[in-house]
> 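Here you go, one structure.
The structure displayed is predicted, hence computed values, not measured ones. Here is the naming used below: chain letters follow the sequence lines, and residue numbers restart at 1 for every chain.
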4 protein chains.
Amino acid sequence: MTSRSGDEEVAQRGRPTGNHEAKRAELLKAATSVIAQEGYANASLRKVAKRAGYTTGAVTYYFANKEEMVIALAESRFDNYDAMLEAIQGEGDIKTLVNSWLKTTVGDPEFWPVMSELLAHGRHDPALARVIAERYARYRDIYASILAAAQAQGTIRDDIPADLLADQLSAMGDGWTMMSPIEPERFTPQRVRELVDAVIALIAPVSGGRREAGS
Amino acid sequence: MTSRSGDEEVAQRGRPTGNHEAKRAELLKAATSVIAQEGYANASLRKVAKRAGYTTGAVTYYFANKEEMVIALAESRFDNYDAMLEAIQGEGDIKTLVNSWLKTTVGDPEFWPVMSELLAHGRHDPALARVIAERYARYRDIYASILAAAQAQGTIRDDIPADLLADQLSAMGDGWTMMSPIEPERFTPQRVRELVDAVIALIAPVSGGRREAGS
Amino acid sequence: MTSRSGDEEVAQRGRPTGNHEAKRAELLKAATSVIAQEGYANASLRKVAKRAGYTTGAVTYYFANKEEMVIALAESRFDNYDAMLEAIQGEGDIKTLVNSWLKTTVGDPEFWPVMSELLAHGRHDPALARVIAERYARYRDIYASILAAAQAQGTIRDDIPADLLADQLSAMGDGWTMMSPIEPERFTPQRVRELVDAVIALIAPVSGGRREAGS
Amino acid sequence: MTSRSGDEEVAQRGRPTGNHEAKRAELLKAATSVIAQEGYANASLRKVAKRAGYTTGAVTYYFANKEEMVIALAESRFDNYDAMLEAIQGEGDIKTLVNSWLKTTVGDPEFWPVMSELLAHGRHDPALARVIAERYARYRDIYASILAAAQAQGTIRDDIPADLLADQLSAMGDGWTMMSPIEPERFTPQRVRELVDAVIALIAPVSGGRREAGS
DNA sequence: TATGAATGAGTCTTCATTCAT
DNA sequence: GATGAATGAAGACTCATTCAT
């Protein structure tokens with residue numbers, strides 16, 4: 001009661017400690033929603049501040065500049081994604097896993113829009129590009145190891161090395177990420193289900209046993 | 001020939017000879033290279049004009065506004081792409097075709113960067129989005145018909161409907177389009193070759209005969 | 001048939017003479033309608049040219065610059081007004097006269113809007129101001145002489161010098177000219193009729209014979 | 001006191017003391033004088049800012065856009081006018097009242113010029129038009145009630161309904177408002193006095209008792 | 001810790017004007 | 001006589017950033 005705080009709900013008494021991170025997170029949440037709705041280019045610090053209920057100065061107080069904010073945002077999004085992957089990793093077969101993954105990502109309506117904005121902006125922000133590249137590399141590793149395990153179990157085809165398969169699946173995901181905001185009407189739940197099923201079919205085991213890609 | 005002709009230093013005034021469409025194309029070329037290098041957000045009319053050797057006013061003389069310019073740009077890029085597809089469409093088997101396609105697109109170093117910028121910006125420019133959606137629909141149709149023909153010939157798997165297959169391949173292409181500018185070092189010629197081979201393997205005929213996806 | 005032209009309808013054969021003035025008038029007509037609809041500030045030479053079916057260059061060919069065009073426009077409008085005044089001047093009593101005047105001016109829907117734009121812009125264009133001042137002086141003289149005649153006939157009050165009366169009536173007209181575009185709904189035909197009747201009443205003869213204003 | 005305080009030359013940054021409304025008023029004052037001198041069309045934000053000793057950005061900080069600034073300006077001018085009317089409303093007879101009104105309005109050399117600019121611009125700015133229409137309606141009501149009271153007292157003519165009379169007088173005022181900047185030499189103090197006296201005469205009681213206008 | 005006033009560079013856009021053809 | 005390409009200055013507006021308080 002005397003000092004330890006952290007709960008925003010509690011009426012602030014005494015010296016608030018550890019609020020710094022909380023405030024940053026709050027700002028980041030606001031930034032997420034602004035970027036998701038209006039895109040990176042239209043996400044001014046003023047708008048972010050306003051959405052969070054703060055003033056412009058607050059944003060520049062918590063973040064050295066816009067770039068730093070965006071990077072912090074990217075890191076936090078990726079951290080979320082990490083947690084999500086962690087959560088579903090145990091799941092049995094590939095199909096269940098893909099479906100869990102799909103359900104979680106579409107569950108957050110800001111997930112894809114923000115991701116595509118970050119990806120697009122990354123091209124012109126080296127620091128952001130570095131963050132993205134690092135995380136993506138890790139995801140591809142994770143995917144690859146999942147796929148490799150599945151290959152070992154014989155539940156998916158093993159004629160294509162797991163890392164290439166991971167690359168292909170990631171690319172598909174990114175492609176849909178980019179296109180869905182442009183032609184949302186094309187991505188009906190029905191169509192998405194078909195696409196997912198087709199992906200499953202695509203990577204299903206082939207009868208002829210192990211064959212190397214390109215051979 | 002005897003009379004002193006205007007140096008480039010001298011501001012051009014009055015009515016020079018020259019064809020309207022040619023000038024527009026010239027400006028579009030400048031816009032292409034600026035967008036490819038600096039991205040849509042940083043491609044100010046000033047920069048475009050400067051790169052073409054004109055003043056800002058000239059750009060707004062040829063294009064009502066920035067949006068119209070970008071749309072004209074997209075349209076012209078897609079026209080190029082149409083021509084390219086036309087040229088390679090006759091090619092025999094899928095592998096040759098994919099390779100031709102790859103060679104042509106990587107032949108133009110501005111192709112992927114500009115495409116990814118347009119895609120990313122399309123999300124915030126409904127008119128551009130419409131153009132992209134229309135063209136993409138056509139491309140998917142073309143891909144699908146090519147794939148369907150190949151399925152009929154038995155050169156690729158027929159357990160996944162051609163349109164879904166087309167969607168998957170398009171998405172992969174878009175995904176790589178987005179990522180290659182962010183981590184160019186990952187897309188070495190060697191890796192690209194492997195990825196392409198893996199795609200070929202992915203869609204190669206499966207021994208078990210026709211199976212419906214998702215079943 | 002060999003040379004005399006002037007009719008725009010006739011297919012142009014041989015050397016067209018006297019077309020210069022006709023073209024100017026055409027351009028002026030276009031300028032009138034643009035200014036009436038969009039106001040002086042928004043009446044760019046491009047718009048004027050376009051409305052007349054010409055190019056920008058044509059306008060600057062026929063008029064040294066925008067100011068000259070506006071002045072020519074003002075002169076031509078005032079010439080029209082002169083002709084109109086001329087036409088109704090003979091009319092019998094004041095009431096008939098006022099009604100004729102009203103009918104003619106409201107008959108041309110561009111009359112008041114253009115007039116108010118010119119008046120407003122005149123303040124910042126000395127040459128235009130001069131034109132307006134001259135013409136207005138003449139109108140006040142005409143009004144004054146009409147009013148003086150009516151005073152002599154005893155059909156209107158003579159306790160206020162005709163020139164002051166003319167000033168007052170002009171001012172009222174200008175005032176309504178200015179306000180009608182701002183609150184058009186206030187100037188219903190019914191209200192206008194009442195206002196006109198009230199003006200007639202205002203200047204009707206007073207029983208007490210001649211009295212000097214202010215005394 | 002010992003330490004060197006900032007000169008006016010030094011660009012002001014950071015958060016100075018000072019009240020938001022006061023600064024707004026300051027900018028409005030600058031806007032008033034620019035508009036009075038150069039007209040609405042020539043009153044760029046740059047000029048306004050400069051006159052107030054700020055940069056353009058400061059103006060757009062205090063006002064969302066130019067339109068909002070002009071409306072705030074109009075509003076404040078009308079508020080002044082309200083106060084003025086309030087102050088003189090008690091005055092005895094019409095003549096004294098008119099003279100007080102006149103004295104106050106000509107006391108502010110920016111009053112008429114700004115008013116005429118606002119009126120003229122109102123035609124092309126619906127939001128401004130609304131403000132003007134509302135205020136004007138109120139003024140006409142006030143004038144009408146003053147005139148009605150005078151009619152009841154028998155100090156002015158009662159053969160014309162007070163609201164029509166108010167309309168006529170307002171219109172005259174507006175007409176002179178518009179013309180005085182165009183031909184200022186015409187509005188000598190002497191002439192103004194005569195015009196005012198003529199107005200008094202115009203609305204003086206008529207001997208013949210109550211007559212309805214237009215009958 | 002947080003505010004919010006103010007900057008200044010930049011954006012797109014509009015336009016009268018010029019002038020080679 | 002008429003065109004229309006191009007200029008260049010100006011306009012309104014946006015925004016990341018700075019900083020006194």
> If you write DNA chain E from 5' to 3' in dot-bracket form, with Watson-Crick or G-U pairs under 3.5 Å, [ ] for crossing pairs and | for pairs with another strand, what do you get?
.||||||||||||||||||||

> Check the distance between E/dT1's C1' and A/Arg24's CZ and give it to me in whole angstrom.
15 Å

> Rounded to whole Å, please give me the gap between CG in A/Leu45 and P in E/dG4.
16 Å

> Please report the distance, rounded to the nearest Å, between CD in B/Glu26 and C1' in F/dA6.
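Going from B/Glu26 (CD) to F/dA6 (C1'), I get 13 Å.
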
> Can you sort out the partners of A/Gln37 under side-chain hydrogen bond (donor to acceptor under 3.5 Å, both in side chains), two or more places apart, ordered by chain and number?
A/Arg51

> Specify the separation, in whole Å, of atom CG of B/Leu27 and atom C1' of F/dT7.
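Distance check: B/Leu27 CG to F/dT7 C1' gives 14 Å.
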
> Nearest to the D/Asn65 side chain among E/dA6, F/dC13, E/dT3, which nucleotide is it?
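Within the option list, the nearest is F/dC13.
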
> With a 4.0 Å limit, can you tell me whether D/Ser44 has a side-chain N or O closer than that to the phosphate oxygens OP1/OP2 of F/dG11?
yes

> Rounded to whole Å, how long is the line connecting atom CZ of B/Phe63 with atom C1' of F/dG4?
16 Å

> Any side-chain N or O of D/Lys47 below 4.0 angstrom from OP1/OP2 of F/dA10?
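For F/dA10, neither OP1 nor OP2 has a side-chain N or O of D/Lys47 closer than 4.0 Å.
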
> May I ask you to say what C/Thr56 touches in the nucleic acid, namely base, sugar-phosphate or nothing, with a heavy-atom cut-off under 4.0 Å?
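It contacts base atoms.
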
> Have a look at C/Ala43 and say if it touches a base, only the backbone sugar-phosphate, or nothing, with a 4.0 Å heavy-atom cut-off.
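Sugar-phosphate, no base atom in range.
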
> On the nucleotide F/dA12, are OP1 or OP2 found under 4.0 Å from the side-chain N or O atoms that D/Arg46 carries?
no

> Would you indicate which nucleotide in F/dT17, E/dT3, E/dT17 comes nearest to any side-chain atom of A/Tyr54?
E/dT3

> At less than 4.0 Å, is any side-chain N or O atom of D/His20 found next to OP1 or OP2 of E/dG4? Yes or no.
no

> What is the distance, rounded to the nearest whole Å, between atom NZ of C/Lys50 and atom P of E/dA16?
14 Å

> Take atom NZ of A/Lys66 and atom P of F/dT14, then tell me their distance rounded to the nearest Å.
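It works out to 14 Å between those atoms.
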
> Which is true for C/Thr60 with a 4.0 Å heavy-atom rule: it touches a base, it touches only sugar-phosphate, or it touches nothing?
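Here C/Thr60 touches the bases of the nucleic acid.
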
> To the nearest angstrom, how far is A/Lys23 atom NZ from E/dT1 atom P?
9 Å

